[in-house]
Amino acid sequence: MTRTVRRTRRPLQVAAGGAAALLALSACSSSGADSSAKPDSSGPGKLSGEVTVFAAASLKESFTTLGERFEKEHPGTKVTFSFGGSDSLAASITGGAPADVFASASPKTMKIVTDAGDASGTPAAFVRNKLEIATLPGNPHKVSSLKDLAAPDLKVVLCDKEVPCGAAAQKALDASRLKLTPVSYEQDVKAALTKVELKEADAAVVYTTDVRAAGDKVEGVEFPESADAVNDYPIALLKDAPNAEAARAFIALVRSAEGQKVLSGAGFLKP
């Protein structure tokens with residue numbers, strides 16, 4: 001009986017000692033893994049590859065800045081942008097164009113993508129934008145209100161009604177019961193602004209952010225009806241994103257305090 005007890009105790013003691021050693025090794029290993037994982041998860045170097053972002057034309061300046069910051073924070077990554085009218089971008093995505101992120105200038109154009117099942121998760125609004133009138137430098141035609149755009153001798157440009165800036169402009173015009181006959185409808189807000197910059201038009205209804213980005217090439221005129229046509233901008237990870245991990249990180253940057261600072265500096269409003 002005594003022998004049995006001794007035989008039993010001995011293996012138990014060895015087992016206990018071995019278990020303790022294994023636990024100690026495991027703890028060291030775990031601790032070492034944690035300490036090396038922390039820099040990996042938050043520091044540069046973990047993400048790599050190209051991130052393709054389809055974004056509304058009005059986001060060009062701010063997103064380009066954020067793309068450069070993202071690449072600097074994550075060496076080995078490259079952010080490639082395709083800027084344009086949100087409706088055209090949505091059509092490209094649903095048509096199978098490879099992309100990781102879609103940032104739209106309106107929930108309506110984002111809905112085209114979500115309805116087609118091409119978004120992963122629920123899109124999140126990250127900024128808002130309002131309209132402003134862009135005139136020639138010095139405002140030679142003395143435009144001071146939306147109604148002034150109806151003057152017969154004034155060449156006015158609007159965004160196409162299918163584009164978010166055009167839909168918002170139409171909403172503002174409807175609110176003021178005003179009808180305009182523009183000299184042209186443009187496919188995105190940058191194209192509308194360029195018409196004024198090149199003096200091919202006297203005025204255009206664009207976003208506040210675009211007036212600010214143009215600097216002294218145009219002069220901005222605010223109008224109260226713009227409050228009735230403020231656009232929310234949603235952003236979403238796309239379902240078949242080729243680089244989903246890096247895409248999530250880019251979206252996180254856009255929505256972060258750092259990203260919001262860049263966007264608010266460009267004239268965007270908080271969501």
Item to check | Donor-acceptor contact below 3.5 Å, side chain D118 vs main chain G95 | outcome: no
Checklist entry - Near E200 CD, under 6.0 Å, is it more than 12 heavy atoms from other residues, nucleotides or ligands? => result yes
Next on the checklist: Any side-chain to backbone donor/acceptor pair from Y207 onto C165? Under 3.5 Å, distance only.
Outcome noted: yes
Checklist entry - Between the main-chain N or O of G220 and the side-chain N or O of R212, is there a donor-acceptor pair closer than 3.5 Å? => result no
Checklist entry - Using 30° and 60° as the class limits, which term best fits the ring planes of F81 and F83: parallel, tilted or perpendicular? => result parallel
Next on the checklist: I'd like to check V101 versus F54 (side-chain heavy atoms, cut-off strictly below 4.5 Å). Are they in contact?
Outcome noted: no
Checklist entry - Between V206 and V218, is a side-chain contact (heavy atoms from CB on, under 4.5 Å) present by the stated rule, with each step listed? => result CA-CA 11 Å; V206 296; V218 300; over 6 Å; no
Checklist entry - What's the verdict on side-chain contact (heavy atoms from CB on, under 4.5 Å) for V127 and V254, showing C-alpha distance, side-chain angles and the deciding distance? => result CA-CA 10 Å; V127 286; V254 170; over 6 Å; no
Checklist entry - Where do L263 and L59 land on the side-chain contact (heavy atoms from CB on, under 4.5 Å) test, with the steps shown first? => result CA-CA 9 Å; L263 289 158; L59 292 164; 4.2 Å; yes
Item to check | D210 and K190 ion-paired at < 4.0 Å | outcome: yes
Item to check | D100 and its side-chain contact (heavy atoms from CB on, under 4.5 Å) partner, picked from V53, T52, D240 | outcome: T52
Item to check | Shortest non-hydrogen contact between P137 and E219, atoms and distance | outcome: C-OE1, 4.2 Å
Checklist entry - Could you go step by step and tell me if F223 and S145 meet the side-chain contact (heavy atoms from CB on, under 4.5 Å) rule? => result CA-CA 6 Å; F223 58 96; S145 68; 5.7 Å; no
Checklist entry - What class does the angle between the rings of F63 and F126 fall in, given that below 30° is parallel, 30 to 60° is tilted and above 60° is perpendicular? => result tilted
Item to check | Inter-residue atom distance K46.NZ - H74.NE2, 0.5 Å rounding | outcome: 10.0 Å
Checklist entry - Are the side chains of D202 and L136 in touch, meaning some heavy atoms are under 4.5 Å apart? => result yes
